[in-house]
Amino acid sequence: MKYDYSNIESKWQKIWEEKETFKAVDDFSKPKFYGLVEFPYPSGAGMHVGHIKAYSGLEVVSRKRRMEGYNVLFPIGFDAFGLPTENSAIKFNVHPRQLTDKNIEKFSSQLKRAGFSFDWDRVIDTTEEDYYKWTQWIFLKMFENGLVFRDTALVNYCPSCKVVLSNEDSQGGKCDICHSDIVQKSKVVWYLRITEYADKLLEGLEKVDYLPNVKTQQVNWIGKSRGAFVDFAVKGTDEKLKIYTTRPDTIFGATFMVIAPEHPIIDNNKDKISNFDEIEKYREECAKKSEFERTQLVKDKTGVCLNGITGINPISGKEIPIYAADYVMMGYGTGAIMAVPAHDDRDYDFAKKFGIDIIEVIKGGDIEKEPYIGEGKMVNSDFLNGYTNKKDAIAKMISVLEEKGVGTGGVQYKMKDWAFNRQRYWGEPIPIIHCDKCGMVPVPYEELPLKLPNVNNFEPGEGGESPLAKIDDYVNCKCPVCGGDAKRETDTMPQWAGSSWYFLRYIDPHNDSFLAAEDKLKYWLPVDWYNGGMEHVTRHMIYSRFWHKFLYDIGVVPCDEPYAKRTAQGLILGPDGEKMSKSKGNVVDPNQVVDEFGADVLRVYILFMGDYGSATPWSDSSVKGCKRFLDRTFDLFEIAKGKGVTPELESAFHKTVKKVTSDIEEMKFNTAIASMMALINKIYEVGHLTTDELKTFVSILCPFAPHISEELWQMLGETELLSVSPWPTYDEAKCKDSTVEIVIQINGKIRDRLEVSAEANAAEVIAIAKASEKIAPLVEGKTVVKELYVPGKLVNIVVK
RNA sequence: GCGGGUAUGGUGAAAUUGGCAAACACGCUAGAUUCAGGUUCUAGUGUCGCAAGACUUGCAGGUUCAAGUCCUGUUACCCGCACCA
């Protein structure tokens, strides 16, 4: 018999909705569990099977927690500001608000069809005024605390779309939207001073439970390095050239200096540099190079020597040439380096190309052939000669530098300050007013939210300014401080803004006087378990940890880390084993699967297909196997009626409950499902079962396939909802078998298998083994060197 | 280049963390059943071999009574970062 999944699933979805089964209550006396999944961007394409996988993991955990008696907060929302919506708004000439509402509706109905146990009363939408009011509020608090600043920077600009693009949208030097070439353009950029929190973000990792690779990715992203800043005098000028190095110990090997082409020292000494024209020309060439070319042509070093000025090594006193080259970036360190070609790959390449001296200061390699990066005995280095330990040499050098007043120890981070603006319409307006007299003035808190004005045209303006710049009513305003004429900032916040604090709003989504009430924050925080994609563990997670730490510092939130635990799901690949994409035509539509097999089958299959954290290809035929499993489970109801249970089956039940209980905690959903399948197979073999056992079975199945489980629960005569009934317990004693099969090995090779009592001790089992027909002749006449017994598993007899 | 990961039957994958390799599922083969069917059931299915048995976790070594698991080297692929001084 096939069960009527379509009616059963809509029936229970309706009941859950009516009874508000999954509503989180603010009952502070109960133990809480806050499970968080990354809220989706509601694209026009609708949901993807990847979304289902991303939510199914914590869906199972949350459902189990509810059955275990926890007060569970398992919310969902929509991260709805962003470029794709704005682009289709332009394309179809529809307001992004309308598109967003339509897409959210589509997503919501699809999520409900999958039977997810989200609390639908707490849905948030980052584009709603009630929400972005608080995004702006946090921004103003950061402004107030000196974490917001403006600077000019080179940005990726698409001349055809007239739009400034993020690095992510301009990969390969081509515009993501129109595929034309991107140029570098100088623009005023808003920054958040995230680097101020670099150390706190690093230290915080020590006390959270993130997957190890999540942690290392964050550590690498922050990219802390220790080294020294050293001042080199510039001969012929009064200036000093400050450099950053992680290897101050190699300073005696510095044979030249390199500065970024944009380095200000060039313009400052225009008259002293005899080949200034040549340098100017080189700079132009560099500016024309896209980010793409600059990184692709890694091997091919270019540069120009600054004739007329030279650097003086403050330790050795040696005079060395200064080059401008684009392998040194203005954005890292001081934009200037001392080059030690003997012990650095890049400096070595450059020195070889330009015929500069290479001086060995660390023994161990052959610098004629290649630079030597490793450790070794120091030579040609005056007071450092003889040092063999890098750490000691660095410490010694730093102390000498400090003594002489020509340098200090210091740290640098790869992480840069967060460029926090976009020249776009569909984002949170930056609540700042520019006044000629008063400078940058924040919009007063009581005037928040600063609403996005309603416009009909979302095309960016000439030169890439925001569409908001074209609206005179919006731009022209009065200065809140002096009352004079002023102009509003027209840039909006980037997509990452709204998602940096959304987990706080879920805690108190309808609060209109604060972002969330203090007592509720105290109860629900931190998020107990956060699951999402690996692609978000650097940007999104670091940004939101930064915001959270800031909110902690100003006393808004009660803990300094937002997420206690972080896991990640793997991708679902197309049936061809490739990443799903429209252009490859290998995208699986979850709706079709629900239509054909039901939501329970979709959920079970997605969790069964492989390890939750790994990428696994989709297989239509394997989906059928999961359908068969649920069909057989449903049919069991008829088979089992009124029959007893065998002791063997009873033990199998306890084992299965134990396995499913622990597997869920480790996100080993695939083996949890496999063990339930094995149990069903066993029941069919035996053909006996009581209703109590069947109830236990549907209870552990419930988090995976909740609709069929509720239906069977009701058919078994229960009137309460299974979703809020207790999680079954198991008896450890009944998980053990009375007899066990022991493998008998001779010299590590399996020669026999014997059934023995589970209580037998080592000596008994070995005696039984030696007496066995197959083993006795193999031991006879030989010297037994060793006898090993692994309880309940095997005996290994080593003979000579 | 740097960092992280993966490699197991025809396929997706398991393996209590050093103790029976291939659980569970797909597919395939044979038979039964109901058909118009893509349904269901039973048996078989790592490779070689009639068999006893031997071999088998990308490749080459090593440690161990015992290695998919630990160590050394090597190859291929995937992901992240990328001239970070």
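A quick note: this is a predicted structure, and the numbers were derived from the prediction, not measured. First the proteins, then the strands, lettered A, B, ... as listed; each starts at 1.
Residue A:M338 contributes atom CE, which lies 20 Å from atom P of B:C83 at whole-angstrom precision. Rounded to an integer number of Å, the gap from OH of A:Y210 to P of B:G4 is 20 Å. Following rounding to the nearest Å, A:K786 (NZ) and B:C65 (P) show an atom-to-atom distance of 5 Å. Rounded to whole Å, the distance from NZ on A:K659 to P on B:C24 is 13 Å. Rounded to whole angstrom, the span from the OH atom of A:Y605 across to the P atom of B:C24 amounts to 18 Å. When rounded to the nearest whole Å, the span between CE of A:M415 and P of B:G80 equals 21 Å.
Side-chain atoms of A:H343 come within 3.5 Å of backbone atoms of A:Y372 as a donor-acceptor pair (strictly under, hydrogens ignored). When atom types are taken as modelled, the side chain of A:Y282 and the backbone of A:T302 share a donor-acceptor pair closer than 3.5 angstrom. When atom types are taken as modelled, the side chain of A:K658 and the backbone of A:Y730 share no donor-acceptor pair closer than 3.5 angstrom.
Nearest nucleotide to the A:R539 side chain, out of B:G27, B:C81, B:A14: B:C81. Of the candidate nucleotides B:G4, B:G27, B:G19, B:G27 has the atom nearest to the side chain of A:S621. Of all nucleotides listed (B:A15, B:A85, B:C26), B:A85 comes nearest to the side chain of A:T245. Among the nucleotides B:G4, B:A54, B:A85, the one closest to any side-chain atom of A:R751 is B:A54. Of the candidates B:C24, B:A14, B:C83, the closest approach to any side-chain atom of A:D326 belongs to B:C83. Comparing B:G19, B:A85, B:A54 against the side chain of A:N796 picks out B:G19 as the nearest. Distances were taken from every side-chain heavy atom of A:K793 (C-beta onward) to each of B:A15, B:G19, B:G12; the shortest belongs to B:G19. Among B:A13, B:U40, B:C20, the nucleotide with an atom closest to any side-chain atom of A:I750 is B:C20. For A:N681, the side-chain atoms get nearest to B:A25 when compared with the rest of B:U40, B:A25, B:A13. The side chain of A:Y332 approaches B:A85 more closely than any other nucleotide in the set B:U40, B:A85, B:C20.
Using a 4.0 Å heavy-atom distance criterion, A:Y413 is classed as making no nucleic acid contact. At a threshold of 4.0 angstrom between heavy atoms, the contacts of A:N220 are confined to the sugar-phosphate backbone, with no base atom among them. Among the atoms of the strands shown, base atoms are found under 4.0 Å from some heavy atom of A:Q745.
With its glycosidic angle more than 90° from 0, B:U16 adopts the anti conformation. Look at B:G4: its glycosidic torsion is beyond 90° from 0, and that puts it in the anti range.
Using N1 to N3 plus N6-O4 or O6-N4 for Watson-Crick, or N1-O2 and O6-N3 for G-U wobble, each under 3.5 Å, B:U40 pairs with B:A32. Both distances falling under 3.5 Å, in either a Watson-Crick or a G-U wobble arrangement, place B:G3 opposite B:C79. Using Watson-Crick or G-U wobble geometry with both donor-acceptor distances under 3.5 Å, B:U74 finds its partner in B:G58. Taking a pair to require two hydrogen-bonding distances under 3.5 Å in either a Watson-Crick or a G-U wobble arrangement, B:U45 pairs with B:G27. Using Watson-Crick or G-U wobble geometry with both donor-acceptor distances under 3.5 Å, B:A85 finds no partner in any strand shown. Nucleotide B:C65 has B:G19 as its partner under the Watson-Crick or G-U criteria, with both atom distances under 3.5 Å.
Residue order along RNA chain B, read from the 5' end via each residue's closest nucleotide, puts A:Y612 first among A:K749 and A:Y612. Position along RNA chain B of the nearest nucleotide to A:N747 versus A:K414 favours A:N747 as the more 5'-ward residue.
Across B:A76 and B:A13, the matching P atoms stand 22 Å from one another, rounded to whole Å. Nucleotides B:G62 and B:U11, compared at atom P, are 30 Å apart to the nearest Å.
For the residue pair A:D357 / A:T255, no side-chain donor-acceptor distance below 3.5 Å is found, with atom types taken as modelled.
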task = Please step through ring pair (Phe, Tyr, Trp, His ring centres under 6.0 Å) for the pair A:F350 and A:Y323, ending with a clear verdict.
result = CA-CA 10 Å; A:F350 194 88; A:Y323 287 78; 5.2 Å; yes
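Phosphate contact (OP1/OP2 of B:A85, side-chain N/O of A:S225, threshold under 4.0 Å): present.
By the 4.5 Å heavy-atom criterion applied to side chains, A:F256 and A:P341 are counted as neighbours.
Note on A:E375 versus A:R247: no salt bridge recorded, every NZ/NE/NH1/NH2 to OD/OE distance being 4.0 Å or above.
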